[in-house]
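Just follow the structure's listing: the first ligand is 1, and inside any ligand the first atom is 1. Quick caveat: nothing in here was measured; it's all calculated off a predicted structure. Residue numbers start at 1 and run along the sequence shown.
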Amino acid sequence: MQRRSFLKTVGVASIGFGAIGTASADPDRDKYRPGGPQLGSPKSINLNAFRTNEELTKELEKIDRKSGRVSLEEIGRSAGRHDPIWEVEVGDGDTVVHLITQIHGDEAIGTEVALKLIKSLGMSNSRRVDHILDNLSFTIVPRVNPDGAMYHYDFDNDGDDEWVGRRQNTQSWSETDSRYRPYYHSTSPGDSPGYDMNRDFNIRPPSEFDPQTDDQEEWWSDQQYLDMPYEGHTLFASGLRLAPEVRAVTESFIDADPDYAITHHHKGGSLYPNSGDGNKPAEQTLMSVMAAYGEEYLDRSPFYPADHEPVTEAVNPFLDYETSTRSIRLNSLVIDALAERGNSVFDSITRYGYYPLWGSYLDGLCPNIANGGDGVAGMLYEVAYQTDDLGQKAIGRQMELTKVGFLESFDALADDPELSDYSVETYFDAPLYGEEVELR
Ligand SMILES: [Zn+2]
């Protein structure tokens, strides 16, 4: 089956630096895959622009001390470094937003923006912030992956370890952890083992699924993919919830029982489709967005029914029409908000052709099975670097895009939790992102 070769490619693509444009049995899928290739080189970006774990902790504790509104809690520790995973709660509204950043350790911009956001929500007395806090309640987990965020190794073989960050946490797998070592566990770069944690979630709540006891031999494919049956479907490559960080985020999500869930990522460079006409150079897209949706939107899936796959390869059947529509509208809102900035740089938003990744935060958690299946509208951001601009200016621009997206979303949700003014067509009209470009 095509899926198998696709997943293997993802497994390979996620473990090495410079894995851009990896071949796949299905090039179209590969092109649009979310959470795909990471930055081409760790030197593309100056990590000194970002806070260390210690600095992040200090900053959060400072806000907590000064603000009467914020509640800060350590919800777990990372597998390798045992650094704290923080959760911030703020707001008194009926509409609940769960927001996570930096589940991939080398994707730090979301965390920096989340920190600014927490500071505003915690300390500002503006009418805008009052309005948001009266209507929304936030549970924010900035920097889900402190191990990956701080990852050092001798990338250039000069005898010294460089701070390069990496996608995975730092955690070994042992035979007592699960029946087989799942495909998303790897030992590179840097020869240290770890999980791609956005493949480690499972749709079944912790009370229903323990990786050591609740799987069956026949669910496993190639002794590395857990193709878990669930409610009449097969959820290919489900996660096993082996990372303590993923268990902490899962508990945080279940406790929050949100209406909306947002996750922030980085991506490699890619072109805005059909841009450039021979005289003008092709434009790059600076951000891609993705909604998670269910069977009512199956006919909008770019991957169905081309080869008559099971629906679980094209949509998430555990998201109902209402939830799916809110998810798509949230994405439409961000596309609109950035287009209205009147800056062409911001008007280059593309989308992914969605299909579920059953081990991901969005697809594993948004069905919200632990809370009775009251679906959560999900959104994924990925900000991209441009090949010609990898310095501070680029970081500032990515932060600005993310901040505008977040704040405009919260304004709109505070006004109307259903987002009825936004059209699903805005989302589907946004082009799928174009060809990937090498960063160096
Ligand atoms: Zn990512």
Report summary line: Sorted by chain and number, sequence neighbours left out, side-chain contact (heavy atoms from CB on, under 4.5 Å) with E295 holds for V311, V315, P317
Report task. Please find the N/O/S atom of H265 nearest to the Zn ion (ligand 1) and write down its name. Result -> ND1
Query - Minimum-distance atom from the Zn ion (ligand 1) among N, O or S atoms of H104 - result: ND1
Determine all donor-acceptor pairs shorter than 3.5 Å in which one atom belongs to a side chain in residues 110-121; sequence neighbours excluded.
{"from": "T111", "atom 1": "OG1", "to": "T101", "atom 2": "OG1", "distance (Å)": "2.9"}
{"from": "T111", "atom 1": "OG1", "to": "Q102", "atom 2": "OE1", "distance (Å)": "2.7"}
{"from": "T111", "atom 1": "OG1", "to": "R143", "atom 2": "N", "distance (Å)": "3.4"}
{"from": "E112", "atom 1": "OE1", "to": "R51", "atom 2": "NH1", "distance (Å)": "2.4"}
{"from": "E112", "atom 1": "OE2", "to": "R51", "atom 2": "N", "distance (Å)": "2.9"}
{"from": "S120", "atom 1": "OG", "to": "K116", "atom 2": "O", "distance (Å)": "3.3"}

Query raised in the report: Between Y225 and F236, is the ring centre distance below 6.0 Å?
Result: no
Report task. Specify whether an N/O/S atom of E107 falls short of 2.8 Å from the Zn ion (ligand 1). Result -> yes
Query raised in the report: Within less than 2.8 Å of the Zn ion (ligand 1), any N, O or S from H266?
Result: no
Query raised in the report: Is it true that Y230 and F318 have ring centroids separated by less than 6.0 Å?
Result: yes
